[in-house]
Structure formats: structure tokens, C-alpha cells
Amino acid sequence: MKTNEIRIFVDEYEGLDELSEMDQQLILEARKIARTAYAPYSHFRVGASVLLTNGQVISGNNQENSAYPSGLCAERVAMFYANANYPNEKIAAIAISALKNGDMVDDPVRPCGSCRQALLEAEVRFKQPIRIILDGKNKIQVLQGIESLLPLSFSRSFL
Ligand code: THU
């Protein structure tokens, strides 16, 4: 038996002004769209903004449902809209922001497992890593690809 170590790399920024102009813009879009999420059950409003390689930004937010599993997370709303309308545009980055009872979350928001899997699918589909920007009041974390959020993943190569 041997134990392997899997390392991930997370860049941390103390505030918006430490990031590039483009990343700042993407985060601001995610913060803005989080406010109009439909989250009457959890009161946890999430915004996700996707940057396509043509420079276009597509944003989405979580859409809840009284039958809970019928709702969808912000990340997938944004990504699926982008993929549906711009099927040939690669996704370069995604910024995710969240409000808990109206206040921005202290620690960077964490995408759920299903959204991580959907991000992986987009990376595999477009053969390009997606920069993932996780917004929070205390710090902003940036990952250079889904590998850092979903190690030991399942993808089409296993089929
Ligand atoms: N949610 C997202 O939209 N994205 C995340 O990254 C975490 C969770 C939503 C799903 C649900 O509407 C609410 O937040 C509480 O789980």
C-alpha cells in the first residue's frame, strides 16, 4: 500500500482591487445577478458570471422550486445558457458570488458537487481549463481549473 498526495493550488486575494480588470468586472456581474436570484426557500442567493472566449459575459442565478430538487444552481443556469446559445464559444472563466439573507457571504462560496461535475464537462468539451473565481467578503479564491475542485473525477474517458 502507498498513500499518494494530491495537491491543489488556490490563489487568494484580499480584495477586488488585487484582481485584473476583467476578473473584477466578472465578479461585479456575479454580485449583481445574485441579487435577483429566485431563492424564497433557502434565502441563499447565488450569482454566476461566465466569461466566453469571445469576451461575452453570460450571467445566471439560482432558481428554486417548492419541489426542491426541481430548482437549479446559479452556475448551471449560467453555463447551460451560455452553452445553449453559444455552443462553439469556449468558457474561459466563471465568477461565483453569494448572499446569505441579503449579505455577501464571509468566506468564498463553494460550488456544489453537481456544478463541479458540470464545470468538468465544459472543460472536457472545450478542451480548455476554466478559471474559477470564488467570491467572499474576507477573501477571493481563484482556481486555475476544475481539477482543483474535483480531483479523481469521472469523465468521458471512462466510458
Ligand atoms: N446554490 C447555488 O446556486 N450555487 C452554489 O454554488 C451553492 C448552492 C444554491 C442552490 C440553492 O438554491 C441554494 O443555493 C441553497 O443551497
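Each ligand, and each atom within it, is numbered from 1 in the order the structure gives. Owing to the predicted nature of the structure, the values given are computational and were not obtained by experimental measurement.
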Could you pull out every donor-acceptor pair under 3.5 Å between side chains of residues 1-14 and any protein atom, sequence neighbours left out?
from: D11; atom 1: OD2; to: Q144; atom 2: NE2; distance (Å): 3.2
from: E12; atom 1: OE2; to: Q141; atom 2: NE2; distance (Å): 2.9

- Query: In terms of ring plane angle, is the pair F158 and F154 parallel, tilted or perpendicular, where the classes change at 30° and 60°?
  - Reply: parallel
- Message: Using a 4.5 Å cut-off between side-chain heavy atoms of Ile, Leu, Val, Met, Phe, Trp and Tyr, which other residues end up in the same hydrophobic cluster as L99?
- Response: M104
- Are Q63 and N61 close enough that a side-chain donor and a side-chain acceptor fall under 3.5 Å? yes
Side chains of residues 67-75: which donor-acceptor pairs under 3.5 Å do they make with residues two or more places apart or in other chains?
from: S70; atom 1: OG; to: A67; atom 2: O; distance (Å): 3.4

- Message: If we check side chain to side chain donor-acceptor pair (under 3.5 Å) with T53, which of these qualifies: Q128, K90, E89?
- Response: E89
- Task: List, ordered by chain and residue number, the protein residues whose closest non-hydrogen atom lies under 4.0 Å from any atom of ligand 1.
- Result: S42, F44, V46, N62, E64, C73, A74, E75, R110, P111, C112
